[in-house]
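Proteins come first, then strands; the chains are lettered A, B, ... in the order of their sequence lines, and each starts at number 1. Just the heavy atoms: all of them, side chains too, but no hydrogens, waters or symmetry mates, feed the values below. Just so we're clear, the structure is a prediction, and the values are computed from it rather than from any experiment.
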Protein chains: 2
Amino acid sequence: MTGRQQRADAQRNYERILEVARTVVEEQGTQASLRDIARRAEVGMGTLYRHFPTREALLEALLRQRFDRLAARAGELEGAGDSHEALRQWLREFLGGASTYRGLTASMMTTISDEGSPLHASCSAMREAAGRLVERAQDDGRIRPDVDGMDVFALVSAVGWIAEQGPVVAERSEHLFSLVLDGLAAGAVSGRARRSAD
Amino acid sequence: MTGRQQRADAQRNYERILEVARTVVEEQGTQASLRDIARRAEVGMGTLYRHFPTREALLEALLRQRFDRLAARAGELEGAGDSHEALRQWLREFLGGASTYRGLTASMMTTISDEGSPLHASCSAMREAAGRLVERAQDDGRIRPDVDGMDVFALVSAVGWIAEQGPVVAERSEHLFSLVLDGLAAGAVSGRARRSAD
DNA sequence: ACCTGAACACCGTTCAAGT
DNA sequence: ACCTGAACACCGTTCAAGT
């Protein structure tokens, strides 16, 4: 798809845009002005659209590496000793990364329901890798049996979202993260499950 | 402030705008086009700005009643038998209302950090009323002692946010609500507190 | 094959001109 | 005192014209 048989100027523009986009999205979030990106990359609007037909396509190019890295990181942590601690650690790293771009958690959440989105594939792969950490912790009886990877992902993303909503709530995000994780731990179940081995 | 000594046409315009705004914000969310509202209310842009100098001011007019009602509702529920169930009930009603306007949870969360916002006062009052429900449930030992009203409000709003991000996650919001509430229940604490009376 | 930038249809916000 | 709508500075998206 991104075959290397591009014209030299095309290749250069592609990279310029991506580099500038990284900066601008850092500044303005995932809703950054595409016009601003084109301007600062010194290319015409059409050039930006040629390389990245949608905003999502641009984000995908910006995030794929990161998603792949996080998926791989989940693989590493699967071998770690404490399954619950491994999950917690992964989620912490995920959340740290999510905070680099404002609006990123929203983009990831909407992409779940939108299979046509270019972000869908790489984001799903990451979620699935994380899901295996959840399942392992469940097999160890450390996480409630009635949740799945999607639940955990959604709740932790939501904590990331909270942190974006202003300083007063942002300063609580560490605590909120702990509350959510604690809440998902086995033993928190109020009535229906987990009552055999006491 | 909204003294009744307005000119008749001003009074009429104010009400027209508010009525139309309710519909448009229902359709498009809190980021609805102000131009569209003015157009459909058949007033000039200047008229809209005269009555509602900022988008937040318009939202405030749209939401004040609701916030006041929810604050009053919390007062009612303070007298209810089961403190934990009262809290759960209030949060459920809050969440139901939040889903009427897309973007509403975000507006409420950002308003927390922005004391200058017209939404700040009525939203804070509501949160404080809800906070008393939290404290009562804590006094009864039903909610973790290391959370406060803001934590609960943020987490439940975050569940509302999740529901806005697409059908795949929206259909889980009931479950996620339960997970969060369960997680905040006393007994979920992993190590540090609550270990005296067993 | 690729790039450019004008053109189009939208925004939010302001403000001179009207009654 | 209040209303109007044009004006301004922005968007995102498309596409004819160029090389």
Side-chain angles (χ1 to χ4, degrees), chain A residues 1-21 23-25 27-62 102-103 106-107 110 114 116-119, chain B residues 1-21 23-25 27-62 102-103 106-107 110 114 116-119:
Chain A
M1 209 169 198
T2 318
R4 292 292 166 260
Q5 304 88 321
Q6 285 178 107
R7 246 166 52 178
D9 56 345
Q11 176 88 23
R12 248 196 9 212
N13 281 333
Y14 179 90
E15 279 155 16
R16 276 179 76 81
I17 292 169
L18 215 53
E19 189 194 331
V20 169
T23 307
V24 177
V25 173
E27 288 172 14
Q28 310 180 10
T30 58
Q31 294 309 310
S33 160
L34 299 179
R35 245 193 161 84
D36 203 24
I37 293 171
R39 213 156 27 213
R40 286 160 69 166
E42 291 171 280
V43 299
M45 283 301 291
T47 305
L48 190 151
Y49 272 87
R50 160 166 275 263
H51 289 292
F52 306 102
T54 66
R55 167 177 251 113
E56 299 264 289
L58 179 55
L59 281 178
E60 199 271 342
L62 235 44
R102 195 154 31 88
S107 295
T110 56
D114 182 9
S117 160
L119 273 166
Chain B
M1 210 166 199
T2 318
R4 294 292 167 260
Q5 302 89 318
Q6 284 178 109
R7 246 167 51 178
D9 56 345
Q11 177 88 23
R12 248 195 10 211
N13 281 334
Y14 179 89
E15 279 155 17
R16 278 179 75 81
I17 292 169
L18 215 51
E19 190 194 330
V20 169
T23 306
V24 177
V25 173
E27 288 173 14
Q28 309 179 12
T30 57
Q31 293 309 309
S33 160
L34 299 179
R35 244 193 160 85
D36 203 24
I37 292 171
R39 212 155 29 212
R40 286 160 70 165
E42 293 173 278
V43 300
M45 283 301 291
T47 305
L48 190 150
Y49 271 87
R50 161 167 274 263
H51 289 293
F52 306 102
T54 66
R55 165 177 253 112
E56 299 264 290
L58 180 55
L59 281 177
E60 198 271 342
L62 236 44
R102 195 154 32 86
S107 295
T110 56
D114 181 9
S117 161
L119 274 165

Measure the spacing between CZ of B:Arg7 and CZ of B:Arg12 and express it to the nearest 0.5 Å. 10.5 Å

Taking ring-ring contact (aromatic ring centres under 6.0 Å, His included) as the definition, give me every residue that meets it alongside B:Tyr49, ordered by chain and number, with sequence neighbours left out. none

Taking only heavy atoms on the protein side, list every residue of residues 38-54 of chain A lying under 4.0 Å from any atom of DNA chain D, sorted numerically. A:Arg39, A:Met45, A:Gly46, A:Tyr49

Please report the interatomic distance OG1(B:Thr23) to CD1(B:Ile37), rounded to the nearest 0.5 Å. 9.5 Å

Which of residues 29-37 of chain B sit near DNA chain C, with a heavy atom under 4.0 Å from it? B:Ala32, B:Ser33, B:Leu34, B:Arg35

Output all residues satisfying side-chain hydrogen bond (donor to acceptor under 3.5 Å, both in side chains) with A:Arg102, sequence neighbours left out; order by chain, then residue number. none

Contact boundaries of DNA chain D with chain B (under 4.0 Å, heavy atoms), 5' to 3'? D:dA1 to D:dA7

Tell me, which pairs form a salt bridge (charged side-chain N to carboxylate O under 4.0 Å, His left out) where one or both residues lie in residues 47-62 of chain A, sequence neighbours left out? A:Glu60-A:Arg64

At their closest point, which heavy atom of A:Phe52 faces which heavy atom of A:Ala61, and how far apart are they? CE2-CB, 3.7 Å

Name all residues meeting the side-chain hydrogen bond (donor to acceptor under 3.5 Å, both in side chains) criterion together with A:Glu19; count only those two or more places apart in sequence or in a different chain, and write none if there are none. none

Looking at every non-hydrogen atom in both residues, tell me the closest pair between B:Leu58 and B:Ala21 and how far apart they are. CD1-CB, 4.0 Å

Between A:Arg55 and B:Asn13, the residue closer to the 5' end of DNA chain D by nearest nucleotide is B:Asn13

Quick one: list whatever passes salt bridge (charged side-chain N to carboxylate O under 4.0 Å, His left out) with A:Glu15, sequence neighbours left out. none

Base-paired stretches in DNA chain D with three or more consecutive Watson-Crick or G-U pairs, both distances under 3.5 Å, amount to C:4-8 with D:12-16, C:12-16 with D:4-8

Any residue meeting side chain to side chain contact (heavy atoms under 4.5 Å, CB included) with A:Thr47, in chain and number order, not counting sequence neighbours: A:Asn13, A:Ile17, A:Val43, A:His51

How would you list, by chain and number, every residue that makes a side chain to side chain contact (heavy atoms under 4.5 Å, CB included) with B:Asp114, sequence neighbours excluded? B:Ser117

With B:Arg40, which residues qualify under salt bridge (charged side-chain N to carboxylate O under 4.0 Å, His left out), at least two apart? B:Glu27, B:Asp36

